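Nothing here was measured: the structure is a model prediction, and the numbers come from that model. Positions are given from 1 along the sequence.
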Amino acid sequence: MSTRLQRRPAQAGPAPARRPASRPGPDRLPTGRRPRANVLGTAVLFTLSAYFLLPAWWLLVGSTKTSSDLFGTGGLWFSGFHLGDNLQELATANHGLYFRWLLNTVLYAGVGAAAATLLAAMAGYALTKYRFRGREAVFNTILAAVLVPAPLLALPVYLLLSKAHLVNTVWAVLLPSMISPFGVYLCRIYADASVPDEILEAARMDGAGEFRIFFTVVLRIFSPALVTVFLFQFTTIWNNFFLPLVTLSDQKLWPVNLGLYYWNGLKDHTPYNLVVTGSLVSVVPLVVAFLLLQRFWRTDLTAGGVKA
């Protein structure tokens, strides 16, 4: 018998890997396209920076000039250096009334912003972590208050303060400044995203009361939100003009912006050099506050606090 040997087909070896089609990446863009985009973006950012910094530069230059030099020389470059004389005149004008205005503004903005931040943190935490009837209605009312312009509330606030005999007192500015609807909204959003229920339950199991939990646990987690609310409210109160104009008649209680407005409106002799120099000095506390508090803007404060 003849045997026929059947040959097996040879096994094909591994197919060579196909090289993926090259896609145009950042390094494969046609020559000249990427540098052109970078130049255009840099030019736009430089233009916007110059636009925002130009008033600050004018204020700095103008504070070194006398009243006559403010109108007789170019506004964007120095002409003599009289900053020391302007500061000395500013400190002695009206028996040092300017620095009284500045201290009033620091009091209104500092105390008002601190109280508003604490109240906003407590309200935002309560609206997030406690269940009660009408919670959403309360939050929606606060959210609607964010949309109401502050000047519209000046007249009702004045009438309320008048009924309480608080007009022309420090409380006429402090009490309205302690309310921040935007701060409540921000703190509720932050509490919902950053305060785990497990930490609160663990603190309650250890025997901590609700106030102790809030002041020892929640406020530590709230640090970035608290700093944000404080800076927003501090700046808002510092720049508040209409409410002091309506509620305060005693010059010794005025904030600095109302005092500078009064100096700028004098008809017989307007001290323009003092108005410009006083405006520059009034900006310094805001810059200092931002520089001191920006390091508290930290995230992920609860990382590792709760095990998955």
Side-chain angles (χ1 to χ4, degrees), residues 48-49 51-63 83 86-87 90-91 96-124 146 150 170-187 189-191 194 215 218-245 248 252-261 274-299 301:
L48 292 176
S49 301
Y51 174 78
F52 287 110
L53 292 177
L54 190 61
W57 173 253
W58 180 91
L59 187 63
L60 179 62
V61 172
S63 63
L83 180 60
N86 290 337
L87 290 175
L90 185 68
L97 189 58
Y98 172 81
F99 287 98
R100 176 66 180 266
W101 294 338
L102 191 62
L103 289 177
N104 291 339
T105 311
V106 172
L107 173 66
Y108 298 149
V111 176
T117 303
L118 179 60
L119 292 177
M122 297 175 71
V146 177
V170 173
W171 298 105
V173 179
L174 276 180
L175 288 179
S177 301
M178 295 179 182
I179 301 173
S180 174
F182 173 75
V184 177
Y185 167 75
L186 182 62
C187 287
I189 298 301
Y190 193 86
S194 302
F215 285 103
V218 177
L219 284 185
R220 293 175 181 267
I221 302 174
F222 261 31
S223 295
L226 295 181
V227 172
T228 304
V229 173
F230 179 84
L231 287 177
F232 270 103
Q233 191 69 7
F234 187 87
T235 306
T236 301
I237 300 172
W238 193 277
N239 296 326
N240 192 3
F241 173 79
F242 194 67
L243 180 63
L245 178 65
L248 299 178
K252 295 182 179 180
L253 298 177
W254 284 356
V256 66
N257 52 3
L258 187 57
L260 293 176
Y261 172 79
L274 299 186
V275 173
V276 175
T277 307
S279 301
L280 177 66
V281 175
S282 66
V283 175
V284 174
L286 290 176
V287 176
V288 172
F290 273 90
L291 292 178
L292 291 180
L293 295 177
Q294 67 176 353
R295 63 190 182 92
F296 292 100
W297 274 324
R298 298 188 299 265
T299 56
L301 293 179

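For the pair Phe230/Ser180, no side-chain contact is recorded, criterion being any heavy-atom separation below 4.5 Å from C-beta on. The shortest distance between side-chain heavy atoms of Asn104 and Val256 does not fall below 4.5 Å. By the 4.5 Å heavy-atom criterion applied to side chains, Phe182 and Val229 are not counted as neighbours. Counting heavy atoms from C-beta outward, Thr117 and Phe232 have side chains that stay 4.5 Å or more apart. With contacts defined as side-chain heavy-atom distances shorter than 4.5 Å, the pair Leu119/Ile179 does not qualify.
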For Trp101 and Asn257, what are the C-alpha separation, side-chain angles and deciding distance, and is it a side-chain contact (heavy atoms from CB on, under 4.5 Å)? CA-CA 8 Å; Trp101 294 338; Asn257 52 3; over 6 Å; no
Where do Thr235 and Phe290 land on the side-chain contact (heavy atoms from CB on, under 4.5 Å) test, with the steps shown first? CA-CA 10 Å; Thr235 306; Phe290 273 90; 3.8 Å; yes
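Put simply, the side chain of Asn240 never gets that close to the backbone of Thr236: no donor and acceptor are under 3.5 Å apart.
Closest heavy-atom contact between Ala225 and Leu186: O-CD2, 4.4 Å. Ser282 and Ser279 make their closest contact through OG-O, 2.7 Å (heavy atoms, listed as atom of the first residue, atom of the second, distance).
Within the model, atoms CG of Leu293 and CG of Leu231 stand 5.0 Å from one another, a figure rounded to the nearest 0.5 Å. Expressed to the nearest 0.5 Å, how far CZ of Arg220 lies from CG of Leu226 amounts to 12.5 Å.
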